[in-house]
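Following: one structure in structure tokens, then a few remarks.
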Amino acid sequence: LQHLGEVGADLRLHGPQVRCRLRAPSLAVEQRLSAGLDALKTRLQSGGLDVRQLEVIVTGQEISVREAGLLNLRHVAVEA
């Protein structure tokens, strides 16, 4: 965790429902966080939460499409 830099989180809880957006300072950190989203979702669900949204976005610096290749935003949303 110490190598991730400053990671932000927007968390919304409504009863057992949770929506979470993680803000990564770089594309490399976004990729590391995105790789762990499934495990995070599983842990939240095992704690009794209904995960409605879980995503990682890159913030804190301008990233051109040429530098990053294709931007990979991972978004998991479940609506009833």
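Note that the structure is predicted; figures quoted are calculated from it, not measured.
Looking at Ser46 and Leu44, their side chains never come closer than 4.5 Å, going by heavy atoms from C-beta outward. When side chains are defined from C-beta on, Val18 does not count as touching Arg12, because their heavy atoms never get closer than 4.5 Å.
When all heavy atoms are compared, the tightest approach of Ala24 to Val29 is CB-CG1, 3.8 Å. Across Cys20 and Leu11, no two heavy atoms sit closer than the pair CB-CD1, 3.9 Å. For Pro16 against Gly48, the heavy-atom pair with the smallest separation is CB-O, 4.0 Å. Across every non-hydrogen atom of Leu54 and Val51, the tightest pair is CB-CG1, 4.1 Å.
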Apply side chain to side chain contact (heavy atoms under 4.5 Å, CB included) to Val7 and Leu33, showing your working. CA-CA 10 Å; Val7 174; Leu33 292 172; 3.8 Å; yes
Let's go through Leu49 and Gln17 carefully: what are the C-alpha distance in whole Å and the side-chain angles of both, what is the deciding distance for side chain to side chain contact (heavy atoms under 4.5 Å, CB included) to 0.1 Å, and is it a yes or a no? CA-CA 6 Å; Leu49 295 173; Gln17 298 176 356; over 6 Å; no
Before you tell me yes or no, could you show the steps for Thr59 and Ile57 under side chain to side chain contact (heavy atoms under 4.5 Å, CB included), namely the whole-Å CA-CA distance, both residues' side-chain angles and the distance that decides it to 0.1 Å? CA-CA 6 Å; Thr59 60; Ile57 61 170; 3.9 Å; yes
Please evaluate residues Asp10 and Arg23 with respect to the criterion side chain to side chain contact (heavy atoms under 4.5 Å, CB included), reporting the C-alpha separation (whole Å), side-chain torsions for both, the decisive distance (0.1 Å), and the verdict. CA-CA 8 Å; Asp10 298 318; Arg23 296 182 314 277; 2.8 Å; yes
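Note that CZ of Arg32 is 13.0 Å distant from CG of Leu27, once rounded to the nearest 0.5 Å.
A salt bridge is defined here as a Lys NZ or Arg NE, NH1 or NH2 lying under 4.0 Å from an Asp or Glu carboxylate O, and Asp50 with Arg52 meets this definition.
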